[in-house]
Amino acid sequence: MGIAFWIVAALTIAGSLAAVLFRNLVHCALALTVAFAGLALLFLQLDAQFAGFVQILVYVGAVAILVVFAILLTRSSETPKDGGVFSTTWLAGLVIAAAIFAVLGWALLQSLAGLAQQSATPSVTVQQIGNALMGRYVLPLEIVASLLTAALIGAVIVALHEKKQEAE
Amino acid sequence: MIEKADQIFILLRNWLVSFLPPAWQTAAGVVLGVIGIIAVFPGLFAITTVLERKGIGRMQNRLGPNRVGPFGILQPIADAIKSLTKEDVIPTNADGVVHFLAPVYLVVVAFMGFAVLPVGRNMVLVDMDASLLFYFAMGASTEVSIFMAGWSSRNKYSLLGAMRAVAQMISYEVPLLLSSVVIVMMTGSLSLVKIVEAQNQYTWGLPHWYIFTPWGFAGFIMYAIAGTAETNRSPFDLPEGESELVAGYFTEYSGFKFALFFLAEYLGMLSISGLGTTLFLGGWSAPLAALTWVPSWFWFFSKVMLSIVVFIWIRGTLPRLRQDQLMNFAWKFVIPMTLLNLFVAAIWRFMGEGWLRWIVSSSILIVVYIAVARAGMRRKHFGPRSYRYAD
Amino acid sequence: MLGEGILKGLAETARNFAGSFVSKERMTTVEYPEERAPLPEASRVFPFLVYDGSDWQAGMRCVACQICEKECPPKCIYIEKSKDKKPDYTGKLQIYPARFDIDISVCMSCQICVEVCPFEAIKMDTEFELSTTDRFGGLLYDRKQLARSNEYYHSIHPTEASEVDARLADEKAKADAKAKAAAEAAKAKAAAAAATPTNAAPATKSQLAQPTADPASQESKG
């Protein structure tokens, strides 16, 4: 874990903190994009090339744009009215976040104990990922594909329905 | 001797790097490669701007700029001086940080795409297993910066132009990737170096470029259409058309930042041409087996400049597409054709060698193309207009 | 077929591109400061005063009748008459303009002054590169700056100038013939006046002389 890891980790944490602390919603979305990019760099550090580049392609290229469009089309990006960015139920939020962190940390440490015996990180090539997706994991792949198709069709129907209602 | 001419830049780099201690040599080699990219591609950008203005001028029965150098060759220098010395106007309401970062980010991402293009034999800056994926990841990141530029100006026209540009780029991202996926399928690797090497074989003196196969030809046309739309280039330049939205998402930029947007657009054009030549036109391989003595980087750059000339030609010829026509075209024509192309390429692969697979592939593509074209060109019958009034 | 229009368009543009190097009709640019596009003959910019011969003061056709000054819509002409007279092209003594100023920053090139001038003295010039750095008097032209020779008029408006010359020549011929007839009539009258006091025979000679004078005067009147 060299200096590069610490720099990227600091960048990711800074991005995520900025995403919750900024006043302007679009600034938050852009900071979230930085956090996504930081995650991608972490993937690349672990030599998972496919995961890293797909993270950039999907998250920075599509999800960030989606978030930004959603912000722009649903509410104007004004500063919050009062009370700043902290909500009134911040204690409950802190407890829940701490609980999730504890669970995830426990799961990670448990799996690390099993991984410590391996000497080198296995390098997974794109070809192996492709074979796995088409061989062993083809059912989950098809289910996810049909889920996305259903979401697309649902969005089109909802938009169409609204137009028909307005036209009447 | 031929070897030397071909590898002259590699030899030059190795010689320069040999002066340093061994611990620093790889890093210095990479830095020299980066310097090479930063020197060559903006130089090509300058040449492209002159070529475009003179070429489009001649197509429109007029001379292009011809005052600055002999035949106007030094015009980019005049443009650079002009953009550097113009006042940098930032609107008061504009979001300062985002307004500043948008062109910077765009140029950074545009340059990153060049890192994986194999410019010649053994001449690629970074050789990764998933280099094509890296290229597309960088291409997708440009959309964020365009949105940043449009939003930070706090100008409704800029915002509208940015939204249109982003919608257009997302829509055409899909056929761009799908037409490249065909190449990946046939080569069996995501690495651009391997893709070029797979095309570097010759049969009866003719090369195995993918454009000479039916699915490759169709894929190349889809790729060209999608690439033109990705870089916001005519006829898909609605986001930046002057008569439509002033200048779209870079209305509020002046001086050097505008020049950076311009640079990023042309670099995007060069980079898409570079990827197109790598995927479909054989990268640095020579067109005939007899011509392999010419250095490989010469072939790469000639093919890239030929693509640029075709870009300029199309810009001078076609009128602009309206936003809804553009989107209809993407989703209703180009994407189905690229999916069909995948299917045809699979048929090609599994039919084995021989003339039969040529006939089957070509006929499927041509028949579907004509059917879709006939269906699309039927006259639309419009009913009586209905009006919806705002309440 | 889909795409056919695009290919035809590309071919047309390519033809334009290639043709622009060789044919004149595909490269219609006139590179301005070095070349000039030819102006049509009836083009007009600002007026000038025509003079015949080589001396601009002696040959100037303008007689300071001030009709153009009165008819000019923006009133850009200012004329002062002279005190003495000089002979015009028919030999008759006419006054001439001591001052004839046109303010070309006001002139609107309507050509009314040309249309109303009875003496063909003011015509329209075609020179348009008249910018000057003197903002106070640079665009106020006096009669010396406005004077141009008849040869210059021929060079810029050849057909018009030939017509004007023909008309002026006709009038000059008429005036000359009238002058000659008047001279002959005067001479005959003088001869008759000298002949009658001496005797009747010279009177008959004078009576004989008169009929010969009449056809000549009738010719000149006809």
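Values below: all heavy atoms of this structure, side chains included; hydrogens, waters and symmetry mates excluded. Chain identifiers are assigned alphabetically (A, B, ...) following the order of the sequence lines, protein sequences preceding nucleic acid strands; residue numbering begins at 1 within each chain.
- When heavy atoms are compared at a cutoff of 4.5 Å, B:I170 approaches chain A solely by way of its side chain, counted from C-beta outward.
- Contacts between A:V60 and chain B at a heavy-atom distance below 4.5 Å involve backbone atoms as well as side-chain atoms.
- A:L57 places a side-chain heavy atom less than 4.5 Å from the side chain of B:L177.
- For B:M169, no part sits under 4.5 Å from any heavy atom of chain A, backbone or side chain.
- Here CH2 of B:W151 is found 9.0 Å from CD1 of A:I71. Values are rounded to the nearest 0.5 Å.
- The candidate from B:M163, B:M148, B:M128 with the greatest count of non-hydrogen atom pairs under 4.5 Å with chain A is B:M163.
- With a 6.0 Å radius and a threshold of 12 heavy atoms from other residues, nucleotides or ligands, A:Q127 has its CD atom at or below the threshold.
- A ring pair (Phe, Tyr, Trp, His ring centres under 6.0 Å) with A:F53 holds for exactly one of B:F136, B:F134, B:Y135; it is B:F134.
- Interface remark: B:Y387 contributes no atoms to any contact with chain A (heavy atom separation under 4.5 Å).
- Of the atoms belonging to B:V144, heavy atoms from both backbone and side chain fall under 4.5 Å from chain A.
- Counted within 6.0 Å of CZ on B:F343, heavy atoms from surrounding residues, nucleotides or ligands total 12 or fewer; the atom is thus considered open.
- Looking at A:L30 and B:L101, their side chains never come closer than 4.5 Å, going by heavy atoms from C-beta outward.
- Rounding to the nearest 0.5 Å places CE of B:M112 at 7.0 Å from CD1 of A:I56.
- The NE2 atom of A:H27 sits 3.0 Å away from atom CG of B:D95, with the distance rounded to the nearest 0.5 Å.
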